[in-house]
Asker: 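Encoded as structure tokens, here's the structure I'll be asking about.
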Amino acid sequence: MSDTSRTVLLLNGPNLNLLGTRDPKQYGTTTLAQVEERVVALGKELGVEVVCAQSNSEGVLVDHVHSARHMVGVVMNPGAYAHYSIALRDAIDAIEAPVVEVHISNVYAREEFRHTSVTAPVVAGYVAGCGTVGYELALRAVLARDAERRS
Ligand code: DQA
């Protein structure tokens with residue numbers, strides 16, 4: 001079993017498995033595998049092991065969030081679930097580990113239904129509109145929040 005006290009979960013929600021080909025104007029052409037590779041590499045540099053997961057199912061994402069409760073934290077793009085999943089919101093709220101929410105696109109420059117996030121009020125940080133580099137920014141934010149939590 002890996003040491004969860006030095007592990008960060010990189011969690012992606014629905015449709016993000018299609019990164020690279022899905023709506024490149026909004027999400028670019030970088031694939032999810034490439035994003036994961038970059039975040040894992042940055043994690044190594046910063047002294048944490050990054051484990052990656054993606055699911056299109058709300059309940060599976062809730063289980064993943066629970067599984068991260070003893071980890072350093074979670075970098076999470078909840079996809080569309082950010083806009084309405086109370087189950088995901090409650091899962092984030094139920095764990096102490098910091099969760100930093102990522103949206104690749106600037107959701108506030110898009111349709112109005114994307115302007116609401118039910119998860120944003122319970123996350124430790126929020127990154128939107130920075131493209132896929134947002135995942136790396138979020139990893140740094142998770143580590144900073146974790147350090148604050150322990151000081
Ligand atoms: C997204 C924004 C959401 O509104 C959308 O449903 C996604 C991707 C983003 O990364 O910009 O699936 O989370």
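In listed order, ligands and their atoms are each counted from 1. Along the sequence shown, the residues carry numbers beginning at 1.
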Asker: At under 4.0 Å between heavy atoms, is it the side chain or the backbone of His103 that contacts ligand 1, or both, or neither?
Answerer: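 Both the backbone and the side chain of His103 come within reach of ligand 1.
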Asker: Which of the numbered atoms in ligand 1 are below 4.0 angstrom from a heavy atom of Asn77?
Answerer: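 Here the atoms of ligand 1 in question are 9 (C), 10 (O), 13 (O).
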Asker: May I ask you to check whether Val102 has an N/O atom sitting below 3.5 Å from an N/O atom of ligand 1?
Answerer: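 Not met; the criterion fails.
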Asker: Are any side-chain N or O atoms of Ser151 and backbone N or O atoms of Glu148, one a donor and one an acceptor, separated by less than 3.5 Å?
Answerer: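 Pair found, side chain donor or acceptor close to backbone of Glu148.
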Asker: At what distance is the nearest protein heavy atom to atom 11 (O) of ligand 1, and which residue and atom is it?
Answerer: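 It is Ser105 OG, 2.6 Å.
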Asker: Mind checking whether Met76 has a heavy atom under 4.0 Å from ligand 1?
Answerer: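 Flag not set, Met76 not near ligand 1.
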Asker: Between Ser55 and Ser57, is there a donor-acceptor pair closer than 3.5 Å when you use the side chain of the first and the backbone of the second?
Answerer: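 Side chain of Ser55 to backbone of Ser57, a donor-acceptor pair under 3.5 Å: yes, one is there.
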Asker: Taking Tyr27 for its side chain and Thr132 for its backbone only, find out whether a donor-acceptor pair lies under 3.5 Å.
Answerer: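 The answer is no, because no donor-acceptor pair under 3.5 Å joins these two groups.
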Asker: How far is atom 5 (C) of ligand 1 from its nearest protein heavy atom, and which residue and atom name does that atom have?
Answerer: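 Here the closest protein heavy atom is Arg114 NH1, 3.3 Å.
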Asker: Among protein heavy atoms, which lies nearest atom 9 (C) of ligand 1, and at what distance?
Answerer: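 Minimum-distance protein heavy atom for atom 9 (C) of ligand 1 reads Ile104 N, 3.3 Å.
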Asker: Would you say that more than 12 heavy atoms from the other residues, nucleotides or ligands in this model lie under 6.0 Å from the CZ of Arg140, or not?
Answerer: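 No, the 6.0 Å shell around CZ holds no more than 12 heavy atoms from other groups.
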Asker: Could you tell me how the ring of Phe113 sits relative to the ring of His83: parallel (under 30°), tilted (30 to 60°) or perpendicular (over 60°)?
Answerer: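 Judged by the thresholds at 30° and 60°, the geometry between Phe113 and His83 is perpendicular.
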Asker: Side-chain donor-acceptor pair under 3.5 Å between Gln54 and Asn56, yes or no?
Answerer: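 Yes, because at least one side-chain N or O of Gln54 sits under 3.5 Å from a partner of the opposite role on Asn56.
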Asker: Could you tell me whether Arg22 approaches ligand 1 through its side chain, its backbone, both or neither, with non-hydrogen atoms closer than 4.0 Å?
Answerer: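 Arg22 to ligand 1: side-chain contact only, backbone stays beyond 4.0 Å.
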Asker: Determine yes or no for a side-chain-to-main-chain donor-acceptor pair under 3.5 angstrom, with His115 supplying the side chain and Arg110 the backbone.
Answerer: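 Yes.
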Asker: Would Thr119 and Met76 satisfy side chain to side chain contact (heavy atoms under 4.5 Å, CB included), going step by step from the backbone distance to the final call?
Answerer: CA-CA 10 Å; Thr119 45; Met76 179 176 193; over 6 Å; no
Asker: Would you mind finding which of Tyr81, Tyr135, Tyr27 brings a heavy atom closest to atom 8 (C) of ligand 1?
Answerer: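 The nearest heavy atom belongs to Tyr27.
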Asker: Report yes or no: does a heavy atom of Gln26 sit under 4.0 Å from some atom of ligand 1?
Answerer: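 The answer is no: ligand 1 sits nowhere under 4.0 Å from a heavy atom of Gln26.
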Asker: Mark up the atoms of ligand 1 that fall under 4.0 Å of a heavy atom belonging to His83, in ascending order.
Answerer: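 This gives 3 (C), 4 (O) as the contact atoms.
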Asker: Is the closest N or O pair between Leu16 and ligand 1 shorter than 3.5 Å?
Answerer: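 Not met; the criterion fails.
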Asker: Quick check: Asn15 and ligand 1, any N/O pair under 3.5 Å apart?
Answerer: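 No.
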Asker: Between Arg69 and His66, is there a donor-acceptor pair closer than 3.5 Å when you use the side chain of the first and the backbone of the second?
Answerer: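 A pair under 3.5 Å: yes.
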